[in-house]
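Contents: one structure, followed by commentary.
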Amino acid sequence: MTDAGTTGGTTTSTVGVWPAFQYADAPAAIAFLVDVLGFTESVRFADGDTVHHAELRGPAGGGVMLGTRRDGSPLSEMPPASGAAYLFCPDPDELYARARRAGARIVRELEDTDYGSREFAVADPEGVVWSVGTYAGHGHGG
């Protein structure tokens, strides 16, 4: 959910939900999300290949947090490679082509759905499924 407001005539957005993921190889996951799905890395706190915390912004808004899987984290109880996320994208055809060029594992081909979205799904290197489509949520167009 996004809360929008204005500050000095400029519209601002705050992401109200941040999906969080842990990866065995967080740097590879970050590279996949940036290179294949068009995310932008906004912060990374790391020691070498151990990512303590990273934040990535989606190409059309929103964001995710992720880090290296480690004991003691609340997420460590989840099975590895679990989870899924939906990424709103006004042009899924471009990201689909980009994913194909990168050799990503497509788990659902690009299609027009019966609810008016154009979308596909891809698995990241550790198996988390990322659905990408034009559905912006009920009442938000798309």
Restricting to non-hydrogen atoms, name the atom on A28 and the atom on P125 that form the minimum distance, rounded to 0.1 Å. O-CG, 4.5 Å
Within one Ile-Leu-Val-Met-Phe-Trp-Tyr cluster: [X] and [Y], side-chain cutoff 4.5 Å:
| X | Y | answer |
| --- | --- | --- |
| F88 | V128 | no |
| V36 | L110 | yes |
| Y23 | V34 | yes |
| W18 | L87 | no |
| I106 | V132 | yes |

Return yes if some donor-acceptor pair links the side-chain N/O of [X] with the main-chain N/O of [Y] below 3.5 Å, else return no.
| X | Y | value |
| --- | --- | --- |
| T68 | T50 | no |
| S42 | R57 | no |
| R98 | D35 | yes |
| S117 | T134 | yes |

Can the ring centroids of W130 and F21 be said to lie less than 6.0 angstrom from one another? yes
Does C89 reach the side chain of L37, with side-chain heavy atoms less than 4.5 Å apart? no
Please examine the side chains of V122 and L95, heavy atoms only from C-beta on, and report whether any two atoms are closer than 4.5 Å. no
Working to the nearest 0.5 Å, report the span between [atom1] of [X] and [atom2] of [Y].
| X | Y | atom1 | atom2 | result |
| --- | --- | --- | --- | --- |
| Y96 | R108 | OH | CZ | 11.5 Å |
| L56 | I30 | CG | CD1 | 5.5 Å |
| F120 | E111 | CZ | CD | 11.5 Å |
| F32 | E126 | CZ | CD | 11.0 Å |
| H52 | F45 | NE2 | CZ | 10.5 Å |
| E55 | T40 | CD | OG1 | 13.0 Å |

How would you list, by chain and number, every residue that makes a side-chain contact (heavy atoms from CB on, under 4.5 Å) with D112, sequence neighbours excluded? R118
Side chain to side chain contact (heavy atoms under 4.5 Å, CB included) between Y86 and E119: does it pass, once the steps are laid out? CA-CA 10 Å; Y86 182 83; E119 57 192 43; 3.5 Å; yes
